[in-house]
Amino acid sequence: MGKLVVLTVLGASLALIGERLLTFRERVATSREIKSTAPKNCHLIEGLENGSEDIDILPSGLAFISTGLKYPGMPNFAPDKPGRIFLMDLNEPNPKAQALEISDGFDKETLNPHGISTFIDKDNTVYLYVVNHPHMDSTVEIFKFEEQQRSLIHLKTIKHELLKSVNDIVVLGPEQFYATRDHYFTSYFLVLLEMIMDFHWTYVLFYSPREVKVVAQGFSSANGITVSLDQKYVYVADVIAKNIHIMKKHDNWDLTQVKVIQLGTLVDNLTVDPATGDILAGCHPNPMKLLTYNPEDPPGSEVLRIQDALSDNPRVSTLYANDGSVLQASTVASVYREKMLIGTVFHKALYCEL
């Protein structure tokens, strides 16, 4: 009797794993034909050769770019070099990328930047919050931006037991932010198992010095996060599920789901167009090419614009698409006055005039 129970449980478990594996293969093996779409004036940004995973642009037109991300399972063209934060002034006629110096007191060799977010204080001081993975751990680093010196002064490292496998961050106040956890496990093998089994164990958390709590959960892999222009709604990308969750923000920082927008492509980082409030999504149209990188057949890039996200009929259009011949594995797009920057996981970065 005992053996029969064991065999029954084993058989059911194998059947479940098999079913989930087939579903996962269908989800990531789908490779759409990419019809190239781009604004007329686009060019690669000199100096950004090792990824540009996230981009945040200030209202003044200064753009921060995180580069050099080392992420399990993803290629890296400069594995022995630490990550950097670059700056571009989009008010210049021909903006260039400039690496920002970081103050002493911070171990620059451990900088492995992922998502970033800026916050401007009442006195107009600019702070840059950086999701960092030193030794594949997760921390949030707070820097003060010195515009005249083009440098970052490190102020604080934030650690917490809920800040695990952090992907992205959006800051809404002094040391007050939402952050996404993209995987429950931290080892690559278990992360792969988690993706196959689709446990829905990832979440969004709220952090402040007084309170840290999970405010939304049940995502396949919570990834990019940003906030609406009026700060009433938070937008969360579920990369594996290929959708964006529209969440209402409450006074106690809790989030409740309003709707889900399905996009049919792996959705990475999200930004908001400051002129229109539209959502811009950096996407991965070729998931399998991203997971099994082949430089002869690289993953493509895709940028979508979502208009009227809160309406019954959001409008989705393609701002940029490429088969990987120009730009590989796009993660983010951010705009400022008819200019757009597109970043990638491990490849280059693109500047376009819209």
Side-chain angles (χ1 to χ4, degrees), residues 43-58 60-72 74-90 92 94-119 126-158 166-169 171 179 224 268-269 271 282 301 327-334 336 339-351:
H43 63 81
L44 295 172
I45 302 170
E46 185 178 353
L48 299 181
E49 309 291 338
N50 303 312
S52 42
E53 207 281 337
D54 204 6
I55 300 170
D56 199 353
I57 304 177
L58 295 175
S60 65
L62 294 178
F64 294 91
I65 306 168
S66 66
T67 70
L69 173 66
K70 300 171 185 65
Y71 192 81
M74 293 291 113
N76 186 283
F77 297 151
D80 297 326
K81 292 183 179 180
R84 302 292 299 270
I85 303 295
F86 280 77
L87 186 77
M88 290 184 70
D89 186 348
L90 298 183
E92 296 177 355
N94 297 296
K96 307 291 184 182
Q98 174 187 358
L100 293 176
E101 294 298 323
I102 298 178
S103 64
D104 294 336
F106 176 78
D107 188 353
K108 305 175 188 64
E109 294 299 315
T110 64
L111 183 59
N112 186 14
H114 205 158
I116 60 176
S117 181
T118 55
F119 173 70
V126 175
Y127 297 92
L128 179 68
Y129 288 62
V130 179
V131 175
N132 190 29
H133 300 297
H135 312 295
M136 295 305 169
D137 199 357
S138 287
T139 64
V140 173
E141 309 293 346
I142 304 178
F143 298 93
K144 178 183 176 182
F145 174 54
E146 294 288 347
E147 184 172 351
Q148 297 299 321
Q149 290 78 22
R150 290 293 200 263
S151 65
L152 296 171
I153 298 176
H154 184 252
L155 302 178
K156 187 174 184 178
T157 297
I158 295 177
V166 182
N167 185 295
D168 199 13
I169 183 174
V171 184
D268 206 310
N269 290 331
T271 64
S301 293
L327 198 69
Q328 304 174 14
S330 57
T331 56
V332 63
S334 193
Y336 172 79
K339 299 174 182 180
M340 177 171 66
L341 301 179
I342 305 175
T344 65
V345 182
F346 54 82
H347 195 231
K348 302 181 180 183
L350 199 70
Y351 169 87

Hey, what do you get for CD (Gln98) to CD1 (Ile65), rounding to the nearest 0.5 Å? 11.5 Å

Are more than 12 heavy atoms from other residues, nucleotides or ligands located less than 6.0 Å from atom CD of Glu146? yes

Quick check: do Ile85 and Pro113 have side-chain heavy atoms less than 4.5 Å from each other? yes

For residues 43-57, which side-chain donor-acceptor pairs fall under 3.5 Å, sequence neighbours excluded?
| unit_1 | atom_1 | unit_2 | atom_2 | d |
| --- | --- | --- | --- | --- |
| Ser52 | OG | Thr344 | N | 2.9 |
| Ser52 | OG | Lys348 | O | 3.0 |
| Glu53 | OE1 | Asn269 | ND2 | 3.2 |
| Glu53 | OE2 | Asn269 | ND2 | 3.4 |
| Asp54 | OD2 | Ile116 | N | 2.9 |
| Asp56 | OD2 | Thr118 | N | 2.8 |
| Asp56 | OD2 | Thr118 | OG1 | 3.1 |

What is the distance from atom CD of Glu147 to atom CG of Asp89, rounded to the nearest 0.5 Å? 8.0 Å

How long is the gap from NE2 on His347 to CD1 on Ile342, to the nearest 0.5 Å? 13.0 Å

For the OH atom of Tyr129 and the NZ atom of Lys156, what is their distance to the nearest 0.5 Å? 8.5 Å

So do Leu155 and Phe143 actually touch side chain to side chain, heavy atoms under 4.5 Å? no

With side chain to side chain contact (heavy atoms under 4.5 Å, CB included) as the test, would you mind laying out the steps for Phe64 and Leu58 before giving the verdict? CA-CA 8 Å; Phe64 294 91; Leu58 295 175; 3.7 Å; yes

Lys81, NZ atom: more than 12 neighbouring heavy atoms under 6.0 Å: no

Please check this pair: side chain of Asn132 against backbone of Val140, looking for a donor-acceptor N/O pair closer than 3.5 Å. no

How far apart are the closest heavy atoms of Lys70 and Gly83, and which atoms are they? NZ-N, 4.2 Å

Apply side chain to side chain contact (heavy atoms under 4.5 Å, CB included) to residues Val332 and Asp268 and explain how you reach the verdict. CA-CA 7 Å; Val332 63; Asp268 206 310; over 6 Å; no

Could you state the interatomic distance from CG (Leu69) to CG (Asn112), rounded to the nearest 0.5 Å? 5.5 Å

Donor-acceptor pair, distance only, cut-off 3.5 Å: does the side chain of His133 make one with the backbone of Val166? yes

Shortest non-hydrogen pair, Phe77 vs Phe346, comes out as CD1-O, 3.5 Å

Work out which heavy atom in Phe145 is nearest to a heavy atom in Arg150; give both atom names and the distance. CE1-CA, 4.4 Å

For His154, is there any backbone N or O sitting under 3.5 Å from a side-chain donor or acceptor partner on Ser103? yes

Side chain Ser301, main chain Ser330, donor-acceptor under 3.5 Å: yes

Heavy atoms only: give me the nearest Pro82-Lys108 pair and the separation to one decimal. CB-O, 3.3 Å

Only one of Val126, Ile142, Leu128 passes side-chain contact (heavy atoms from CB on, under 4.5 Å) with Leu152; say which it is. Leu128

Tightest non-hydrogen contact, residues Pro134 and Thr139, listed as CD-OG1, 3.9 Å

Is the closest side-chain heavy-atom distance between Val131 and Asp168 below 4.5 Å? no

Kindly give the heavy-atom pair with the smallest separation between Thr157 and Glu141, and that separation in Å. OG1-OE1, 2.5 Å

Answer yes or no: is there a donor N or O on one side and an acceptor on the other, between the side chain of Thr67 and the main chain of Arg84, under 3.5 Å? yes

